[in-house]
Amino acid sequence: MAREQPNVGDLLPLLESSDIHQLEEIKGLINEHLSTERGAMLLNGLVDYFLESNSAQAIHILSSVREPHDKHLLDKMNECMTKQACRLPTLTLLGHVVRKQPSWIHKISRYPLLLSLLKCLKTDLDVVVLITGVLVLITLLPMIPHAGKQHLYEFFDIFGRLASWNLKNPGHISEVYLIHLHASIYSLFHRLYGMYPCNFVSYLRSHYNMKENVDTFEEVVKPMLEHVRIHPELVTGTKDHELDPTRWKKFEIHDIVIECAKVSLDPKEASCEEGYATMPGNFYPHPELRPQDSVSSPYTDFHNSYGENTPPPLPHLPLVDRNVISLIGVLIVHSPMTQKPVPLQASCLPFYFSKNSPAAISEELLKITEDMWDLAGLRVFDSPFYRTTETLTGTQEKPLPNPPLGGPDEVAKFSGLFSPSRPMKNPSLPYEALFDLALPRAASLFVGRRTSEARGRAEGEGMVNASPLEVLDHLVQQGSDTHDKVLKRLPLPSKSADWTHFGGSAPLDELHTLRSQLLLLHSQLLYERYKREQHAVRNRRLLRRVINATALEEQNNAMKDQLNLQSVDVVTLKESLQVEQQRCRQLWDDRETVVTRLHSQVRQLQQGRDDYYTKNQELQVDKKMNELEADLQRANNKVCHTGHLLNQMTIKLSTSESTQQQMSFLNKQLLLLGEAHKLDVLQQQHTGSDNTKEAQMVQASWGKEVERLRQSLLQQGQKLEAAQQRVGELETQLTKKEHLIVEQKKFLEDVKGQAKGELQASESRYQAQRRATQLLQTELLHLYSRLEMEGHACLATPSAAGVITLHVFLCRYGNGSIMEPDGPVTLGTNKWSDDSRPYQSPRGNGSTLLPGQPKANNPPKAPPVNSASSTQDIPPPLLVEPSFSHPHAPLATTPLPPDAVPLTVGSYPSANSFLGMRARELFRNKSESQCDEEPPHLAGLSQGLKTELCVEPLFPPLGNALTCPVSAPVPTPTLVPASIVGAPLTVPAKEHPPETRQRAIKQESPTREMGGARGGAVAVASEAQPRQQQQFRIMDYNETQQEHS
Amino acid sequence: MAEDPQRNFRSAYYEKVGFRGVEEKKSLEILLKDNPLDVEKLSTFSQRFPLPSMYRIHVWKVLLGILPPHSDSHSLVGGYRREQYQDVLEALKVMRFVHMATPQTQVYLRMFQLESQVLPRRSDTSAPDEEDEDFLSIARAMEEIVEDPMDCYWLIKNFVNQFNNKFGDSIPHLPKSLEHYLSVEEPRLLNHLKNTGALAMLPYSLWFRRCFAGCLPESSLQRVWDKVISGSCKILVFVAMEILLSYKIVVMGTSRPEGVVSILCNVSDVIIIGSAGGLRLFSPFCLPITLICFSPLLPDAPREH
């Protein structure tokens, strides 16, 4: 550490290095060291170095010193303040530090540095130091507002001292300084008035009430007061309240600055804020006060480029002039307005001389300025402060065209060679025009020499209003303008030679003045820059506030909208609440009604219950009464009963008494009888022998009787046994019979089913037969009708012809294959049908159905038969004869005599009728089959009944009874003989002469022939009559019957 | 059945191996041995299993009522039937409705007409109407199946009568039923038929009025008729549907309704094989064997007691 210390101290000169990297390294090193080291050594070294070299880097480092070093720095500076020589640089350094606004700056009020500063300002005589100090103080005041409580009167004293400076020390300092001083006092005035108006005003009142200070007030303070408005605090505040530290708590530094600016009416002092002052834009001084302190400033590039774009006249200047140009260039570069100097002047000058004749004044002014510029130009040219300027402005001028001339050395040479003695004679001359503006009295003196008439008016109207800052502006402005003109007028090349030739150095005093002037300018500039920064800070704050405010406003709007929505909600909710309340009320009412109704019901029920209770009690009482009555009755009963019993008992008693009497009587009798018995026994013993014999005989007879009875019992038992056996047998027989009956029934069912099937078959067959027959009948009728028509047609013709025609007709009608012999067949049948009619009545009983049957069968067809037969009543005999004569008659009817026919018919009485035939057929089927199958049936039955039954004697009649009903209903009146006898049935057939049989055979053969061979050529009885057919069938049947049997 | 000592103990395995007919024949013989034949059982059997051809005519006769259940009266009733047949035939011959040259089916028709009293007058012989045509086609088919003309006539007559009596009411509903089953089985085909208009033109009378007579070959027809005679007309619907399904590809390929009808009218290459519980239908266009399973499922099949 000890080793490093000198190293760091040695490094300090390297801060001036032109190598950026090295510079950065060194700065980093120093900063690092400062952050680690708590000692004051390095800091003191730095301050010393700064005081020595006035290094910008050192200022930079010192102004950004951190917390623990502040004490050392302030102590060091305090120490330095004590030395007269170091005072100015120290104040400069302090100004830099204060403007940097480190966080610890508020502590300065506790350190002696502030006291020493105030003391310096109160005591020091150097104007430059004073101005610098005042500017520092002005800057510092808003940072330590609370310090005013202790040092307030010191501030006021300083103000009073400096305000009266010029009047107290006239001629001691140059006017240039006065202007600067005045501007700084003006600022101090503003600051004090802005911060502590009551105290300040009271101070002013008390201070300038004194006689000796009236002049100062008139000269200095009063014009300043004209530039401020009444502070609001003067109305509301008090002295104590002003000094209250709590008042400043809510203010930031820039707030205080702006507060001070607000009360100002001067646009130069106050910034244009909130419409307090209107400022002509082209006079705004701030663009001229661009920062120029640091290399790293963002404006550097701008200046560099600007410098290169310097207006064309400048490059043409001779080398010698470059120094001046460079100086002026500083101003030119920073104020673009100065490129048009004349309008600028014109715009500011009428300010003063508006009432004068413009021409004269302008002319005069022109002259003055020319002179002034002459001097200024001379003075400026040889001024050696270029170097200072350069050091102050840093590398600012480097881009300007002076580098070819060389570095600072050359300038020094110039300054060495240059010694302007002339300007010293009238040093105040260049400032005269400005001076009267800054100091009205001096100005009036100066102006009054030439324009005495205009003086008063100018003083009254224009000059009073001029702000000290404007004056300062004018000072700078005019300086540059004059310099410009001088430059233009001078034949520079020649003059430059002269200047260099003059040699010598400029007077030291002049040099010093210029240098300090420059310093003042610089410090003023820095102060203004500080103000600008404050404004920037404020702007940023305000902007943020504006943003916040707008955000809040929007939030507010949103909240309002929400509020509206919610109010709408609230309204709806209220409505619904009302609805709900109504409903609730309604429900409540309903409930009330229900409750009341229920209450009434409850009451009714209670009443009912009470009634029931009372009734119940009554009933219980009744019941009790009843019970009691019943008890009473019972008791009565008991009493009665006991009474009755008593009666009985008395009766019994009486009877028992009587019986006792009887008993005693009987005992007596018994005794008597016993005696009598004894007597009797005795008597009997005498008579006993006779009785034994009789008894023996009786016994013997009795024994015999017993024997006999026993035998008969035995007999009876045997009989019973036999009878029981018999009963058992009979029972088994009975069960067997029952079984048999069941079986028989089953069998009967079976047979029934079978018979039903067969019956159905035969039924269907019969139906078929019937249909066929019907068809044949219809056919026959058809033919008849035709024949009849034919007959009608031939009624007139002879009968023979009729026969022939019929024959022909038949031949024609048939297939053509009908032979002749067929005709007689039909005739024969016709005859037969006619013949059968006469025998209808004798046929008798069996044929009752015959006449009716055809009618019943098909009534519509019957009449034609009759009609046909009736109509043919006459023709038949005619027809018969040819048939008889016919040799080929195949039928047996021809040979048979008419009487033979009844025989045949008679044997089959019902042969002609369908029904009869059918019935017969049916019955015959049954009966015959029964007859035929009786032996097997019986056998089957006997088999079914087992052999036991047959043995039984009871069975035969039963069997008869069983069979009889079967056979009994079967025979019909016509069939009975046939079924019973069996033989008579065949008898007629047998009795029939062979012709019958023959006929039957013959009849059969053609049919067989027809069915089998289907011989088309064979003559077929196409018009075969149904009856004949039936007859055939019957005979055929008989035949088959016979064959069967 | 399995407990029956008369039956072969292998009977349980026959079915497993695939011989179906053996057991059925046995059981049918047992059924036929009963003296009063149980017609209900016979019809159930006939619905369940295909009839052996040697018993077919006999069973048909019993089922159609030509022969009574009592076998004792068979000969007698047979005689009656014969006589009736001969009588009717004779009458027709006498009336010259038929002659030697008359075709047998025509003779049957005349006989049937005579028995049902609708025989037209000989003079006004008109062309046979629709019903007569149905009868004739059934008769033609039956004639091929049955040898004896008398049996043939009786079978035809009773078959036609029974069919008309039993199913006369339900026949008009069969096309609807076919449509329904078709929509369940093959809606695409149904749509195709509907779209082409062939649905209305399908040979319904051939299928449902003639019972496929003249449509299916004789052996197949026998099996179908087994079921019809035993009392099921639904079989007609199923067979029709199977025919449709078998010829689906061809039918789908044809858009003209006439073409569809002509295809469906000529399906003589379809073979129906009876099997336990149904019929199987083989066709050249339908490789997978379709099984017509109907007997236990059919609503009109008589329940076994």
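Please read these numbers as outputs of a predicted model, since none were measured by experiment. The sequence lines fix the lettering, A, B, ..., with proteins before strands; numbering per chain opens at 1.
Neither the backbone nor the side chain of Q86(B) comes within contact range of chain A; no heavy atom of the residue lies under 4.5 Å from a heavy atom of that chain. Contact annotation for Q767(A): neither backbone nor side-chain heavy atoms come within less than 4.5 Å of a heavy atom of chain B.
Atom CE of M95(B) is separated from atom CG of L783(A) by 11.0 Å, given to the nearest 0.5 angstrom. Residue H74(B) holds its NE2 atom at 9.5 Å from CD of Q754(A), rounded to the nearest 0.5 Å. To the nearest 0.5 Å, atoms CZ (F97(B)) and CD (E779(A)) are separated by 6.0 Å. Between the CD atom of Q769(A) and the CD atom of E83(B) there is a distance of 8.0 Å, given to the nearest 0.5 Å. The CD atom of E115(B) sits 11.5 Å away from atom CG of L775(A), with the distance rounded to the nearest 0.5 Å.
Of all non-hydrogen atoms in P68(B) and G757(A), the two that sit nearest each other are CB-CA, 4.1 Å. Pairing each heavy atom of R81(B) with each of A761(A), the nearest pair is NH1-CA, 3.5 Å. Contact between E758(A) and V77(B) at its shortest, heavy atoms only, is CG-CG2, 3.7 Å. Contact record, D750(A) with P36(B): OD1-CG, 3.8 Å, taken as the closest heavy-atom pair.
Remark: the backbone N or O of L114(B) is not paired with any side-chain donor or acceptor of R771(A) at under 3.5 angstrom.
The shortest distance between side-chain heavy atoms of Q84(B) and S764(A) falls below 4.5 Å.
K752(A) NZ: 12 or fewer foreign heavy atoms inside a 6.0 Å radius. By the neighbour-count criterion of 12 heavy atoms within 6.0 Å, atom CD of E29(B) is densely surrounded, having more than that number from other residues, nucleotides or ligands.
Your options are L67(B), L76(B), V88(B), and the one with the most heavy-atom pairs under 4.5 Å with chain A is L76(B).
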